[in-house]
Amino acid sequence: MTISNFADRLLADLGTRMKLRRCASVGRSAIALGRIWVRGHGQVHVSDGAVLDGRAAPIELFAHRGAEIRIGPGVRIEGGASLEAVSQIFIDAGARVGSFCKVLDNHFHLVGGGDRFRRPPSRPVVVEKEAVLGARAILLPGARVGRGATVPPGAVVSRSFGAVAASDQSLAGATRGSFPVIVAGSDPLPGPFRARIRCAIGIARAAWYLRACKRGGRVFATGSVRVVNEGTVEIGDRTEFIGGMIPSEIVCRPGASIEIGSSSLFNYGVSLEACGSIRIGNRVMLGSFVRICDRRSGAAGPVAIGDDVWIAHGASIGPGVTIGSGSVVAAGSVVSSDVPAGSLAIGNPARCMRLSLRAEQPRGPTSAAASEIDTG
Amino acid sequence: MNPRARIRQFIVETFFVDDFSDEESFLRSSIIDSLGMVELVAYLEKEFGIKVTDAELIPDNLDSLARACAFVERKRRIGTSAA
């Protein structure tokens, strides 16, 4: 080995240590390239030989307080992947996580009625040995990808997928145990002074990024928003834009209009593109990478989204679609026809079912324990 | 194989559950989640050659093995009487 070669390796290793310094443990030959975001107060463990390649887009490893993300030996994670744990996410040895995959062990919002910002119970997510997650795949709470299974690109998994090793002791142990239910906002709040500063910065940031739009009061942004406004864009009071790996984008073509009601919430990477008209109601929640466009090849028509609608990660709303108030669009769905009020749109193309046709409580001993804590 | 056994076999193989009764609610006992419901509907449509409209996606039609079977029978009867 030449000296320069050795120096390169030393530098790369130093870079990895630096990027993964917030992890609870990092294996000896783990490699981190590009941008890696390790966030939250939980524990992230990266094992030997894991490769996190965040050169194309940042990789997000978010472990909430008391949660755990375990990345096994030789796992490869590609850019844009986001793992967010409230209880536990376990990626076993040799698995591959494709670009822009989303792995969640909690839905973060309750479906239908009540307080949407209250968190439902979590269910651990497990990706077994040598499994492959295609690009943009979405693993929802309770997902378990079997050994060597391949999840197709863009697929949504919310249950066991492929041949799951039920007798695998190491995994059985990994998903057992109860996890505390943390209600959103129960984290210790920063002092009132710091909170006020943060609020002021958020409002100033929103004022800067959304300077081309007509805004209501207290519009808040925790990250950048890209705006191309050649028409009219109106944003209601107290709308919030959350920052992330990719900025949200509002594009309004000449003569078009975008209207956003008050107290709506935009996660990162939301893309709104209006050639005619897009109207979004009050208290709407848009998940990350949601795409809403009122023109697609050969089809055009105004898009209207009612009050209190929740559109989950990666869903796409096509031209001419009206979504009734109180409805939910499931993660990764492609909506091309109207959704009645109070329903759940799911699949590609999306089918609408009444919100009553869904499970009240998730299955499994973990979630049962969690829901006991929740109600108690 | 009768429809009941076929649907049961599909649920057992797809959702990895084996101990559930004919009357047990899929949703209350969380055998199937909402994404699973879509899979079940897609299976019923393909397997039994029926067309389920969005308005029929309600618990009364699908929320237990017995209800799903009755629904399939009803749809097939309507299908054959119309034809």
Side-chain angles (χ1 to χ4, degrees), chain A residues 107 111-112 120-121 123 138-144 146 155-166 312 324 327-340 342-368 371, chain B residues 7-75 79:
Chain A
H107 288 295
V111 172
R123 302 166 70 199
I138 303 169
L139 299 197
L140 294 174
R144 190 181 175 110
V156 183
V157 181
S158 69
R159 58 172 172 85
S160 295
F161 179 91
V164 171
S327 290
V328 177
V329 177
S333 300
V334 178
V335 183
S336 49
S337 57
D338 288 358
V339 177
S343 37
L344 171 65
I346 191 166
N348 176 17
R351 304 195 67 157
C352 305
M353 52 172 79
R354 288 243 295 272
L355 269 177
S356 53
L357 195 61
R358 72 189 162 79
E360 296 296 327
Q361 291 293 330
R363 183 164 37 119
T366 306
S367 52
S371 57
Chain B
I7 299 173
R8 178 175 276 274
Q9 190 186 2
F10 168 77
I11 291 169
V12 167
E13 284 172 2
T14 311
F15 304 106
F16 301 95
V17 283
D18 38 15
D19 49 336
F20 66 98
S21 68
D22 284 6
E23 306 296 328
E24 197 173 343
S25 161
F26 294 144
L27 300 173
R28 258 199 305 282
S29 53
S30 301
I31 293 166
I32 302 182
D33 65 357
S34 40
L35 206 55
M37 271 298 170
V38 175
E39 283 180 86
L40 176 65
V41 170
Y43 169 80
L44 295 179
E45 289 190 335
K46 193 161 145 264
E47 189 72 17
F48 301 103
I50 55 174
K51 188 86 200 89
V52 183
T53 63
D54 286 354
E56 288 167 331
L57 296 178
I58 52 172
D60 283 349
N61 287 338
L62 298 160
D63 192 22
S64 72
L65 191 56
R67 282 173 172 178
C69 289
F71 176 63
V72 167
E73 283 303 317
R74 209 160 58 235
K75 288 295 280 188

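Reminder, nothing fancy here: chain letters follow the sequence lines and each chain counts from 1.
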Yes or no on side chain to side chain contact (heavy atoms under 4.5 Å, CB included) for A:I346 and B:M37, after CA distance, side-chain angles and deciding distance?
-> CA-CA 10 Å; A:I346 191 166; B:M37 271 298 170; over 6 Å; no
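- Among residues two or more places apart in sequence or in another chain, the side-chain hydrogen bond (donor to acceptor under 3.5 Å, both in side chains) test is passed with B:E23 by none.
- In this structure, the separation between CG on B:L35 and CZ on A:R159 is 8.0 Å, given to the nearest 0.5 Å.
- For B:S25, no part sits under 4.5 Å from any heavy atom of chain A, backbone or side chain.
- Nearest heavy atoms, A:C352 versus B:L57: O-CD1, 3.3 Å.
- For B:V41, the part sitting under 4.5 Å from any heavy atom of chain A is the side chain, from C-beta outward, and nothing else.
- In this view, B:R67 satisfies the side-chain hydrogen bond (donor to acceptor under 3.5 Å, both in side chains) rule with no residue, not counting sequence neighbours.
- From B:I58, atom CD1 reaches atom OG of A:S343 across 13.0 Å, with rounding to the nearest 0.5 Å.
- Among A:M353, A:R354, A:R351, the one residue that satisfies the side-chain contact (heavy atoms from CB on, under 4.5 Å) test with B:D54 is A:R351.
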